[in-house]
Amino acid sequence: MRHALTAVLAAVSLSSIASAQTAPVSPAPVPATPASVPPAQSEIGAAVAKDMDGLMTLYRDLHANPELSLQETNTAAKLAKRLKALKFDVTEKVGGTGVVAVMTNGSGPTLLIRADMDGLPVVEQTGLEFASKVRTKTPEGVETGVMHACGHDTHMTAFIETAKLLAARKKDWKGTLVMILQPAEEVGKGARDMLEDGLYTRFPRPTHAIAFHDAANLEAGVVGYTPGYALANVDSVDILVKGLGGHGAYPQTAKDPIVLGARIVTTLQTLVSREQDPQDPAVVTVGSFQGGAKHNIIPDEAKLLLTVRSYSDETRAKLIKGIERVAKGEAIAAGVPDDRMPVVSVKDEFTPSTYNPPEFAEQMAGLLKSHFPAGRVVKTPAVMGGEDFGRFYRADKSINSFIFWVGGVPADKMAAADAGQISLPSLHSPFWAPQADKVIATASEAMTVLALDILKKD
């Protein structure tokens, strides 16, 4: 989930999300009866439970050996091997390190199921016995630790279990499974790269697409779903503020880019507070302000790094134009020459908003509500985090697409947080350690239930 350095799901304050999104503590499950839980569905949960020891071994291995975006070579290879053993037709190196596994089982819908593979440049501080000790260099040359701080290790593990469960139940479904392991979600490139490498032309074109994401603000095992916009457009915007350098003792001889940058930062706040419809959420955050090197020197330039969040494409375009207008307007007001106007650059890391077609989202949620005990499936509000799963729907809006959340916070910690006794770590935190067994078990069961319905026999 975007981004390790400039955006996290918790960019919306965790407390505000938790109060809006967290479900009440689930009541004690009612013992299943044939009337309340269909036998085929309860059997799926039992199958997952039987596989849990092996799944946790895989999870620990993935957690201890993360790889950064666009570098997921070993991760892709080890998971491709498992998919081949399940008799999928596997193609590697799609869009870089992506993996596409196809299983055809007669005529019917084509279902895409996705998991993302990349870790983050974060030094792990969870204290887990299997904590990552991996160190590497980022593409920018910065040495860093690497951690699955966004839970992609749980995503991949549940993905493999879902593939296993569906491969073993071919008599219960018909159609085509297209299961993809996607690279580079954290930098907003993986889904785009796979699509550009022929995901919808070299392989069966999906009629449906599903995925899940672990959540750091829901109790472990609780499923959250959001009809309509679920996650935001994410843009990284740079503003190069140009001035005229000089001596700090004689500011009248210079045009100070730091003062101009400060004016730009202040005025940018009005794009949301005074120009945006309050019922159409947006975020413009200046995450970095770089300028100058010495106390008594007015520099020639300063640089602002922004993260910009929106839902609709119209709002996105409006915000970006507003940023350009504010930067230029403040420079003109400061008397900066025409040839020294600020330069606004939108980075090539755009993650489009993720949209769950509402009718399909409610249909999928209804299936999950009928399968899991009362209180385990809850409607959640949209968040300003980003997820490039949305690209698969945007590439073909005839696809029925659905991404859902699976909570990872242990029940006792959630209760303590609700009581104001502790603060919970967010996604991308070096302290984020989900209750992995519950995330994996719930997600595997949920995705299998949804897949069997989408691909059901007449």
Side-chain angles (χ1 to χ4, degrees), residues 72 76-77 79-117 155-156 158-185 189-212 352 354-357 359-361 363-364 367 387-404 443-444 446-458:
E72 309 93 340
L79 296 180
K81 183 177 179 180
R82 286 176 177 259
L83 291 166
K84 290 174 184 176
L86 293 171
K87 308 303 182 185
F88 281 82
D89 181 7
V90 177
T91 304
E92 300 179 67
K93 299 182 180 179
V94 179
T97 59
V99 177
V100 179
V102 178
M103 181 174 287
T104 302
N105 189 30
S107 62
T110 298
L111 172 61
L112 181 150
I113 301 178
R114 186 217 69 165
D116 36 12
M117 298 187 290
H155 302 179
M156 291 182 282
F159 172 95
I160 290 296
E161 176 67 357
T162 301
K164 178 182 177 182
L165 293 170
L166 292 172
R169 288 162 176 75
K170 292 179 72 173
K171 62 179 177 57
D172 297 328
W173 59 273
K174 67 174 185 176
T176 302
L177 269 176
V178 180
M179 302 196 67
I180 67 171
L181 291 161
Q182 181 207 304
E185 184 277 329
K189 294 181 178 180
R192 182 188 65 184
D193 288 351
M194 293 190 79
L195 287 164
E196 290 178 351
D197 198 16
L199 180 64
Y200 286 0
T201 55
R202 295 168 54 193
F203 307 98
R205 195 179 192 90
T207 57
H208 300 74
I210 62 174
F212 87 96
T354 300
Y355 186 79
N356 287 329
E359 184 176 350
F360 185 63
Q363 177 188 341
M364 295 295 95
L367 285 168
E387 227 303 350
D388 70 353
F389 178 72
R391 283 194 183 273
F392 300 116
Y393 170 73
R394 282 184 171 235
D396 182 351
K397 291 187 178 179
S398 70
I399 295 171
N400 281 312
S401 180
F402 182 59
I403 188 169
F404 59 97
S444 300
M447 289 197 295
T448 302
V449 167
L450 297 181
L452 289 175
D453 185 82
I454 292 167
L455 301 173
K456 61 179 175 289
K457 292 186 174 181
D458 296 333

Verdict with reasoning, N356 to F404, per side chain to side chain contact (heavy atoms under 4.5 Å, CB included): CA-CA 9 Å; N356 287 329; F404 59 97; over 6 Å; no
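- Between L83 and A163, the closest heavy-atom pair is CD2-CB, 3.9 Å.
- Here the closest non-hydrogen pair linking V90 and A101 is CG2-CB, 4.1 Å.
- L112 is not listed as a side-chain neighbour of I210, based on a closest heavy-atom distance of 4.5 Å or more.
- With contacts defined as side-chain heavy-atom distances shorter than 4.5 Å, the pair D172/K457 does not qualify.
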Please report, to 0.1 Å, the donor-acceptor pairs under 3.5 Å made by any side chain of residues 193-200, with sequence neighbours excluded.
from, atom 1, to, atom 2, distance (Å)
D197, OD1, R202, NH1, 3.4
D197, OD2, G95, N, 2.8
D197, OD2, R202, NH1, 3.3
Y200, OH, F392, O, 2.7

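- The heavy-atom pair separating L455 from G175 by the smallest distance is CD2-CA, 4.4 Å.
- Side-chain contact between F402 and P357 is absent, with no heavy atoms from C-beta onward closer than 4.5 Å.
- Expressed to the nearest 0.5 Å, how far OG1 of T110 lies from NE2 of H208 amounts to 9.5 Å.
- The side chain to side chain donor-acceptor pair (under 3.5 Å) with Q182 is formed by just one residue from the set T97, D388, D116; it is D388.
- Each salt bridge (Lys or Arg N to Asp or Glu O under 4.0 Å) pair with one or both residues in residues 86-106, not counting sequence neighbours, appears once here: K84-E92.
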I113 vs L177, side chain to side chain contact (heavy atoms under 4.5 Å, CB included): CA-CA, chis, key distance, verdict: CA-CA 8 Å; I113 301 178; L177 269 176; 3.9 Å; yes
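- Other residues, nucleotides and ligands place no more than 12 heavy atoms under 6.0 Å from the NZ atom of K81.
- Atoms CG and CG, on L86 and L166 in that order, are 10.0 Å from each other to the nearest 0.5 Å.
- In this structure, the side chains of D453 and W173 stay at 4.5 Å or more apart for every pair of heavy atoms.
- One distance of note links CE of M447 with CG of L111; it measures 10.0 Å at 0.5 Å rounding.
- In this structure the side chain of F389 reaches within 4.5 angstrom of the side chain of R114, judged on heavy atoms.
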Begin with the C-alpha distance, continue with both residues' side-chain angles, and end with the deciding distance and a verdict on side chain to side chain contact (heavy atoms under 4.5 Å, CB included) for K170 and M103. CA-CA 10 Å; K170 292 179 72 173; M103 181 174 287; 3.9 Å; yes
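- No side-chain N or O of S444 forms a donor-acceptor pair with one of E161 less than 3.5 Å apart.
- The two residues V102 and F203 come nearest to each other via the heavy atoms CG2-CD2, 4.3 Å.
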I180 vs V178, side chain to side chain contact (heavy atoms under 4.5 Å, CB included): CA-CA, chis, key distance, verdict: CA-CA 6 Å; I180 67 171; V178 180; 4.0 Å; yes
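- Note that OG1 of T162 and CE of M179 are 5.5 Å apart. Values are rounded to the nearest 0.5 Å.
- Note: E185 CD to E72 CD = 10.5 Å, rounded to the nearest 0.5 Å.
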Salt bridge (Lys or Arg N to Asp or Glu O under 4.0 Å) between D396 and R205: does it pass, once the steps are laid out? CA-CA 9 Å; D396 182 351; R205 195 179 192 90; 3.0 Å; yes
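- The shortest side-chain heavy-atom distance between I454 and F360 falls under the 4.5 Å cut-off.
- Distance check: T207 OG1 to N400 CG gives 7.5 Å after rounding to the nearest 0.5 Å.
- For the residue pair P352 and R394, the shortest heavy atom distance occurs at CB-NE, 3.3 Å.
- Of all the heavy atoms in G390 and T354, the pair that sits closest is N-OG1, 3.5 Å.
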